[in-house]
K.L.:
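The structure's right below; bear with me while I get my questions together.
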Amino acid sequence: MAHTQDFDLKTLIRELLQATLGGEYSAHEEDSVLIISESWEGYSDEGVSLDLQDIPEVLLNWAQLDVSQGPDVNELLVLDLETTGLGRGNTLAFLIGLGYFEDGKYKVEQIFLPEPDAELNSFDRLIELLETHSVLVTFNGKSFDIPVLESRLLYHRIWLNLREKEHIDLLHMARRLWKNTLPSCALESLEYYVMGVLRDPEFDIDGGQIPQAYGEYLMSGDVEPLLKIVKHNQLDIIYTMALMVIICDALRLPIEVGKDARVDYHAVARLYQSQGQKDVAKQILCEMKDLSIATVESVHELGQLCKRDKELEEAQHCFEYGAALSHPPSLLALAILLEQTKEYEQALEYTEQLLSQQQSLPLPDLRQLHDIDKRRIRLQRKIAKKAHK
DNA sequence: TTGCACTCATATGATACCAA
DNA sequence: TTGGTATCATATGAGTGCAA
C-alpha cells in the first residue's frame, strides 16, 4: 500500500515537473530523465550574439587542439553541470546543460534528474552528444565539471576518458584577455562587463544556493525553485557560447585594433606573442600606439620587439616614451639600449633616475638596487675611459 | 682569451581564483 | 566549503656579442 502511495507521489511530482519546466521524459522504462530543449538563431533572448563563424588558429593552438583537423563550429559541445556541491566524491550532477549548433541554430539541451536514482539514465544522451561532437567548451570545466562527471561515470562503472577529449576551457582564456582590465573573471563579471547583460534575480539563482534548492525540492516536492536553477543553467550555456563568440571575434586575423572597446588589445598581442607570432603582436602594439590607445606597458613591449628586430631607433622612441612617464622597466630598457649604442652619458642619466626612484620606494628591492648601482658604476668607468682617449 | 652583460629556453614552486 | 588549472616569479644554463 505504502509502495503504491510512493509511486503515485512520484508520478504526481513528475507530472508537475514537466508542467512547470517543460521538456520531454526520456524513453527509459524506469527512472527516465527530463530533457528540456530550446534553440536560438543568431541572438539569444538577452540580445547576445550566438553567431560563431569559425575558430581562430591562435585559440586552437593555445588550447592545444589539432589545428590540421580545423574543427568547425558544429563540432563544439558546451557543457555545464549543476551539482549538489563543490566536492568530487559524493557530489551529484542533477542537471547537465549542453549547447551545440544544429541546422544553423544554437540548441540548448538540459538533462534533469527528477530523482537521484535516475542519474545513470542521464548519461545516455550525454554520451551520444559526446560521440558526435569532438571539442568540449566549458567555463572552468577542466577543474570542476570534468572531474565531477568522471567521478559520477566511474561510480556507475562507465569508463570515458574525458580528460583526453579536446577541450577549450574559456575561464583561462578569459583570464588571459581580461585579468588586467576587469575586477574579476568569473562568468557573471564577464557577462556584465563584456557582454553587457545582468541576470535578473527574479528568474535566476546564485550558484552557491543551488545545492540547497535541489535538496529542498527532493525533501518537499516543491518544483518552483527548480525554475530558477534551470534558467541559471540555460544562461550559463548561452553565455559560455556568447563568450566564445566574443573571444573568437577578438582574435580573428586581421586584428582590427581599436574596433571593439571590450577588447584589451595588449592582451591579444601578448597571446599572439606567446604562441610564437611575434610579428602579429608587434603589428597590434604598433597600431595601438598609432591610434593613441597604447599604455606605457604596451609601448614598452613594442620597444622590446623592435629591439629584437634590430630597429633600435624605434625601440629607443618607445623606451623614451615610458621613461618620460617614469616607468621603471622603460628606464632600465633605455639605459641598456643606450649603453649598447655607446651613449654612456645618457645611459648614466637614466640609470641614476631609476636608482633614485627605486631608493625612494617604501620597500625597495635590494637586489634590484644592487644591479642598478652596478650598472651606474660601470657606466661611470666607461665615461671616464672615453674621456681619457 | 677572458670576463661581463644580455637573450632565450626550460624547469620548478607558489599563487590566485573559479566552479556549485 | 575543495580541487585543478594556468600563470607568474624565480633560478639555471647555454649561447652570443663585445671590450680589453
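Here is the naming used below: chain letters follow the sequence lines, and residue numbers restart at 1 for every chain. Given the structure is predicted, the values throughout are model-derived calculations rather than measurements.
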K.L.:
Measuring to OP1 and OP2 of C:dC8, would you say a side-chain N or O of A:Lys179 lies under 4.0 angstrom away?
P.N.:
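Looking at the OP1 and OP2 atoms of C:dC8, one of them is under 4.0 Å from a side-chain N or O of A:Lys179.
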K.L.:
What is the separation between atom CG on A:Leu136 and atom P on C:dG4, rounded to the nearest whole Å?
P.N.:
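Rounding to the nearest Å, CG of A:Leu136 and P of C:dG4 are 18 Å apart.
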K.L.:
Taking atom CG of A:Asn90 as the centre, does the number of heavy atoms from other residues, nucleotides or ligands within less than 6.0 Å exceed 12?
P.N.:
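No, not enclosed.
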K.L.:
When you get a sec, tell me which of C:dC18, B:dA19, C:dT7 is the closest nucleotide to the side chain of A:Asn140?
P.N.:
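Closest nucleotide among those given: B:dA19.
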K.L.:
What's A:Leu187 touching, base or sugar-phosphate or nothing? Going by heavy atoms closer than 4.0 Å.
P.N.:
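If one applies the 4.0 Å heavy-atom cut-off, A:Leu187 turns out to touch the sugar-phosphate alone, with no base involved.
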K.L.:
Calculate the interatomic distance between A:Arg176 atom CZ and C:dT5 atom C1'; express it in whole Å.
P.N.:
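It is 13 Å, rounded to the nearest whole Å.
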K.L.:
Should the ring pair A:His327 and A:His300 be called parallel, tilted or perpendicular, given that the plane angle runs from 0 to 90° and is split at 30 and 60?
P.N.:
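Correct class here is perpendicular.
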K.L.:
Counting heavy atoms from C-beta on, name the nucleotide in C:dG4, C:dA6, B:dA20 closest to the side chain of A:Lys142.
P.N.:
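For A:Lys142, the side-chain atoms sit closest to C:dA6.
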K.L.:
Both A:Gly87 and A:Trp62 contact DNA chain C. Which one's nearest nucleotide lies toward the 5' end?
P.N.:
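Looking at the nearest nucleotide for each, A:Gly87 comes out on the 5' side.
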K.L.:
Among residues at least two apart in sequence or on other chains, which ones pass salt bridge (charged side-chain N to carboxylate O under 4.0 Å, His left out) with A:Arg381?
P.N.:
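Per chain and number, A:Arg381 pairs via salt bridge (charged side-chain N to carboxylate O under 4.0 Å, His left out) with no residue.
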K.L.:
Nearest whole angstrom, please: distance from the P of C:dA6 to the CH2 of A:Trp178.
P.N.:
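Whole-Å distance recorded here is 18 Å.
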K.L.:
In whole Å, I'd like the distance from the CG atom of A:Leu171 to the C1' atom of C:dT7.
P.N.:
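Between C1' of C:dT7 and CG of A:Leu171: 12 Å.
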K.L.:
Specify the separation, in whole Å, of atom CZ of A:Phe139 and atom C1' of B:dC17.
P.N.:
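The answer, rounded to whole Å, is 10 Å.
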K.L.:
Answer with base, sugar-phosphate or nothing: what part of the nucleic acid does A:Ser184 contact at a heavy-atom distance below 4.0 Å?
P.N.:
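Sugar-phosphate contact only.
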K.L.:
Please report the distance, rounded to the nearest Å, between CG in A:Asp169 and P in C:dA6.
P.N.:
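Whole-Å distance recorded here is 7 Å.
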K.L.:
Give one of base, sugar-phosphate or nothing for A:Asn233, where a contact means two heavy atoms less than 4.0 Å apart.
P.N.:
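A:Asn233: no heavy atom of the nucleic acid under 4.0 Å.
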K.L.:
Check A:Asp309 with A:Lys282, please: is the shortest side-chain N to carboxylate O separation under 4.0 Å?
P.N.:
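Salt bridge flag = yes for A:Asp309 with A:Lys282.
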K.L.:
Are A:Arg308 and A:Asp279 within salt-bridge range, i.e. N to O under 4.0 Å?
P.N.:
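Yes, charged N to carboxylate O under 4.0 Å.
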K.L.:
Can you label the angle between the A:Phe123 ring and the A:His156 ring as parallel, tilted or perpendicular, going by 30° and 60°?
P.N.:
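Judged by the thresholds at 30° and 60°, the geometry between A:Phe123 and A:His156 is perpendicular.
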K.L.:
Please test A:Tyr100 against A:Glu109 for side-chain hydrogen bond (donor to acceptor under 3.5 Å, both in side chains), starting from the C-alpha separation and ending with a verdict.
P.N.:
CA-CA 8 Å; A:Tyr100 55 93; A:Glu109 220 173 289; 2.4 Å; yes
K.L.:
In this structure, how many angstroms lie between the P atom of C:dG4 and the CD atom of A:Glu150, rounded?
P.N.:
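Result: 11 Å.
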K.L.:
Please encode protein proximity along nucleotides 2-16 of chain B as a string of B, S and -, counting only heavy-atom distances under 4.0 Å.
P.N.:
---SSSS--------
K.L.:
Specify the separation, in whole Å, of atom NZ of A:Lys382 and atom P of C:dA20.
P.N.:
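Atom-to-atom, A:Lys382 to C:dA20, this comes out as 8 Å.
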K.L.:
Counting side-chain heavy atoms from C-beta on, which of B:dA20, B:dA19, C:dT5 comes nearest to A:Ile210?
P.N.:
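That would be B:dA20.
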